[in-house]
2 protein chains.
Amino acid sequence: MSQESPKRPRGTALREQVMQTALELFSDRGYFNTSIHDIRRAADVSIGAIYHHFGNKEALAKALYDDLLMHMERDIDEACFGRGNCADRCRAIIARLFESTAESPRMMQFVLLAQHREFLRDEPPICSSRPFQAMKQVVEDGIRNGDVRAIEPWVAASAMFGGALRMMQLSLDNALERPLATYLDEVFECGWRAIRS
Amino acid sequence: MSQESPKRPRGTALREQVMQTALELFSDRGYFNTSIHDIRRAADVSIGAIYHHFGNKEALAKALYDDLLMHMERDIDEACFGRGNCADRCRAIIARLFESTAESPRMMQFVLLAQHREFLRDEPPICSSRPFQAMKQVVEDGIRNGDVRAIEPWVAASAMFGGALRMMQLSLDNALERPLATYLDEVFECGWRAIRS
DNA sequence: TTGAAAAACGAACGAACGTTCGGTACGCTT
DNA sequence: AAGCGTACCGAACGTTCGTTCGTTTTTCAA
């Protein structure tokens, strides 16, 4: 009788259970307002299991961060796939980011709003992480083939996606009246007008 | 012999000394990585003096936050003063924000990047603070008199200032090669193209 | 000069935290 | 069945932190 995790999760299931719980608590109350004992209680696992899988609290946060960045990167790659046009790509990226913000607000909260450098001391700033580099790359390609005006790449990337990212923050802060997706057309239109040639 | 604070500051001087030290430590290492004892040591004051003036650690952070928001609001008001034109106002606001970022990076770091809701639990999100409301108001006025296209105000404000704010973050993260001010023209141009009618 | 309020001081405290470690339970190979 | 390594358990530990409070110093009006 090989029952599949009847009550307490074991192995990989436990690992994921802890990470999901940690994400909830970290994004709700913040890293420093969440103790390992809080996670232990909420995830219904033991202290020892957490330390067995992650080593320490910081490493747990790092595992979570890496996992979420990977998801985000995959989202962006998928959005670009099959679209050669710069404008189409940018629009698809924003659309995907808006979807993720609506579907997994905690994930976006953690990736965008959390001050990782406060607890992941020698992690590079988020602007140099793969997903953000990919967004900048799309705009640079647009400049190279003339779809986008010849301006400083950082400025172009900030102009194209800065408004969208700000709208995502507003949405996470519950400052918007309507669902984030309903603003997509206007947000993209603004960003594109800013940089198109 | 009424010597003016020869060694140890007293009264208002001490209060400001503590706040300045707290700003340095909070923006460098973060709120939770800075203990009251750290501030005591760095500011060369006593624990008792800090508690006498601020009550507790959270209240110290709140006093700092309020003070910095006030400065920022005054900066924005001054930038708008005497300029009736929406585009001129927006440009002046961005210019002033860029100056402040270069002159007082710690202040901007603390106001923009710090996750205040982690330690100032019932503080409203920064987007609803006075300075940000003022920026939105400028854009709304522009919509009303036709300088700006008729779009959702939040979208317009995000498009106009989102790129600039993102550039400020990049600058604080040392991701830019040149001084922030040198990007001003391009950044404003992008924002304005995004929303002008 | 005096007296009382305000400001400053800092040793001490208790709670909470991240982590350790000696142990048990389980699954797999021999 | 025996041996072994991995997974899991949780009481206990040492440290750090925010805060308290009895005391001393300074200020200033009377």
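A note on names: the letters A, B, ... follow the listed sequences, proteins ahead of strands, and every chain is numbered from 1. All heavy atoms count here, side chains included; hydrogens, waters and symmetry mates do not. Keep in mind that this is a model prediction, so the values were computed, not measured.
Rounded to an integer number of Å, the gap from CZ of A:F32 to C1' of D:dT16 is 14 Å. The interatomic distance linking B:L60 (CG) with D:dT19 (P) rounds to 10 Å, in whole Å. If you take CZ of A:F54 and P of D:dA7, they are 12 Å apart, rounded to a whole angstrom. Between the CG atom of B:N33 and the C1' atom of D:dG18 there is a distance of 15 Å, rounded to whole Å. Atom pair B:R40:CZ and C:dG10:P shows a separation of 8 Å (rounding to whole Å applied). Atoms CD1 (B:I47) and P (D:dG18) sit 9 Å apart, rounded to a whole Å. Whole-Å rounding puts the B:D38 CG to D:dG18 C1' distance at 12 Å. Counting to the nearest Å, the P atom of D:dC8 and the CG atom of A:D44 are 13 Å from each other.
Looking at the side chain of B:V45, the nearest of the listed nucleotides D:dT19, C:dC9, D:dC9 is C:dC9. Counting only heavy atoms from C-beta on, A:L14 has its side chain closest to D:dC8 among D:dT19, D:dC8, C:dT19. If you check D:dC9, C:dT19, C:dC9 against the side chain of A:K57, the one that comes closest is C:dT19. Residue B:H52 places its side chain closer to C:dA8 than to any other of C:dG10, C:dG18, C:dA8. The listed nucleotides are D:dT20, D:dG18, C:dT20; the one nearest the side chain of A:Y51 is C:dT20. When each of C:dA8, D:dG10, C:dA11 is scored by its nearest atom to the side-chain atoms of B:H53, the top-ranked nucleotide is C:dA8.
Residue B:T12 is classed as having no contact, given no heavy-atom separation below 4.0 Å to the nucleic acid. Nucleic acid contact for A:H37: base, since at least one base atom lies under 4.0 Å from a heavy atom of the residue.
Residue A:S46 places at least one side-chain N or O under 4.0 Å from the OP1 or OP2 atom of D:dC9.
Aromatic ring pairs are classed by plane angle as parallel below 30°, tilted from 30° to 60° and perpendicular above 60°; the pair B:F110 and B:F119 is tilted.
Both tests do not hold together for A:K62 against A:F54: distance to the six-membered ring centre under 6.0 Å, angle to the ring axis within 45°. Taking the ring axis of A:Y183 as reference, the NZ or CZ atom of A:R178 stays within 45° of it and closer than 6.0 Å to the ring centre.
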* With salt bridge (Lys or Arg N to Asp or Glu O under 4.0 Å) as the test, would you mind laying out the steps for B:D88 and B:R91 before giving the verdict? => CA-CA 5 Å; B:D88 289 347; B:R91 193 180 200 286; over 6 Å; no
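Comparing B:G48 and A:N56 by the nucleotide of DNA chain C that holds the closest heavy atom to each, the one mapping nearer the 5' end is B:G48.
Remark: the backbone N or O of B:M168 is not paired with any side-chain donor or acceptor of B:T101 at under 3.5 angstrom.
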